[in-house]
Peer 1: 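I have a structure I would like to understand better, so I am pasting it below and will then ask my questions one at a time.
This structure is a prediction, so every number in the text was calculated from the model and none was measured. As the structure lists them, so they are numbered: ligands from 1, and atoms in each ligand from 1. What you see below is based on every heavy atom in this structure, not just the backbone, and it leaves out hydrogens, waters and symmetry mates.
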Amino acid sequence: DRGSVQNSPKSYDVEYLMPVSLGTPAQQLNLDLDTGSSDFWVFSTLLKESMINGQTLYDPNASTTADKMEGYSWKITYGDQSYSSGDVYVDTVTIGDLTVSTQAVEAAREVSEEFTADSDNDGLVGLGFGIINTVMPYKQKTFFEKAMPGLDSPVFTADLKSGAPGRYNFGYIDDGAYTGNITYVPVNSSDGFWSWVSPGFQVGTTGSFNNTRIHGIADTGTTLLLLPEGVCEAFYGRIASAKYDASQGGYTFECNDSTTPDFYFGTGNGQMIRIPGSYLAYSKIDTSSLRCFGGMQSDSGVGFTIWGDIALKAAFIVFDQGSERLGWAEK
Ligand SMILES: Cc1ccc(-c2noc([C@H]3C[C@@H](O)CN3)n2)cc1F
């Protein structure tokens with residue numbers, strides 16, 4: 001079996017949403033696929049009115065295939081301290097023609113203000129490893145873990161684009177979606193993340209390759225690229241107008257600064273992924289400013305590097321849960 005679904009970026013590529021069908025008859029919600037967490041949760045009719053702001057709600061009572069998991073609950077907190085919590089139902093879920101008939105659907109009773117404010121986002125599909133699923137008393141499998149046994153190949157792929165729709169595929173690798181070869185790197189899933197080690201980086205075409213191992217996670221749910229302080233300094237040191245602006249909480253530079261280099265990161269056996277300098281001028285810091293907030297920021301607050309959408313949209317990535325490895329290719 002296999003599946004394929006289009007993803008669509010919200011403005012500034014802040015997040016990527018995909019249509020998902022839940023229940024019988026089908027209820028379609030737009031969900032955020034997040035490889036950095038492992039809960040499948042949705043806005044639901046259990047929510048207080050004050051927490052809803054235009055989102056589409058999953059109504060388990062309107063689904064003939066929904067069964068409440070009595071005594072089960074969940075509560076999750078994300079990297080930006082946003083959170084959600086609620087009850088659990090088993091129901092059928094279809095993503096891109098791939099159906100899981102008994103998915104644990106986590107129906108929200110409570111969401112933090114950040115989720116309420118994000119009116120296009122009806123919930124998250126966590127495709128990290130099930131070990132960090134928050135459902136109590138017994139953690140539940142991710143959508144991919146439920147689908148995996150029936151798939152042609154135990155992989156899913158992410159093709160995120162800058163300012164344009166891309167695609168998530170399940171169970172197969174579309175050889176037309178990338179160029180050159182796929183370089184595979186081992187994954188350590190013990191923390192529930194797609195954790196891997198990059199052999200180093202290079203700033204621009206003229207810079208030398210820095211052989212400094214970077215431990216991090218591939219996280220489709222994080223917007224920016226969060227790298228070690230030293231790497232940020234090496235990159236922004238090459239942009240004439242760049243500075244660390246404490247009032248903005250990060251590095252900023254003139255959006256059209258022609259000295260902005262491309263950024264390359266190593267994926268193994270000599271392969272590198274090129275992030276165009278234009279991706280790193282993330283967004284104007286305010287409408288009247290000529291300065292942009294950098295797409296690369298320090299990971300000092302996190303403790304490990306997060307290869308978020310700024311990096312992922314420069315590549316075609318294979319999340320190979322069968323062999324616990326990540327595949328990286330240019331496109
Ligand atoms: C309003 C809102 C807030 C956070 C997130 C969110 N989704 O994925 C992630 C990252 C961080 C890490 O927790 C796991 N992946 N963050 C999405 C939202 F729509």
Peer 1: Val90: what forms a side-chain contact (heavy atoms from CB on, under 4.5 Å) with it, not counting sequence neighbours?
Peer 2: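 Expected list: Met69, Thr102.
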Peer 1: Hey, can you tell me if Tyr251 and Tyr236 have their rings parallel, tilted or perpendicular (30° and 60° cut-offs)?
Peer 2: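 Correct class here is parallel.
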Peer 1: Under the salt bridge (Lys or Arg N to Asp or Glu O under 4.0 Å) rule, collect the residues that match up with Asp159, sequence neighbours excluded.
Peer 2: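 By the salt bridge (Lys or Arg N to Asp or Glu O under 4.0 Å) rule, Asp159 matches Lys161, Lys331.
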Peer 1: Consider only side-chain N and O atoms of Gln55 and Asp118, and report whether a donor and an acceptor are under 3.5 Å apart.
Peer 2: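 Judged by distance alone, the side chains do not pair up.
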Peer 1: Report, one line per pair, each donor and acceptor closer than 3.5 Å where one atom sits in a side chain of residues 305-314; sequence neighbours left out.
Peer 2:
{"unit_1": "Thr305", "atom_1": "OG1", "unit_2": "Asp299", "atom_2": "OD2", "d": "2.8"}
{"unit_1": "Lys313", "atom_1": "NZ", "unit_2": "Asp13", "atom_2": "OD2", "d": "2.7"}

Peer 1: Check each protein residue for a heavy atom under 4.0 Å from ligand 1 and list those that pass, ordered by chain and number.
Peer 2: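 If the criterion is a heavy atom under 4.0 Å, then ligand 1 touches Glu15, Asp32, Asp34, Gly36, Tyr78, Gly79, Asp80, Ser82, Glu114, Phe115, Asp118, Asn121, Leu124, Asp219, Gly221, Thr222.
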Peer 1: Kindly check if the number of other-residue, nucleotide or ligand heavy atoms within 6.0 Å of CG (Asp97) is above 12?
Peer 2: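 Count not over threshold, so no.
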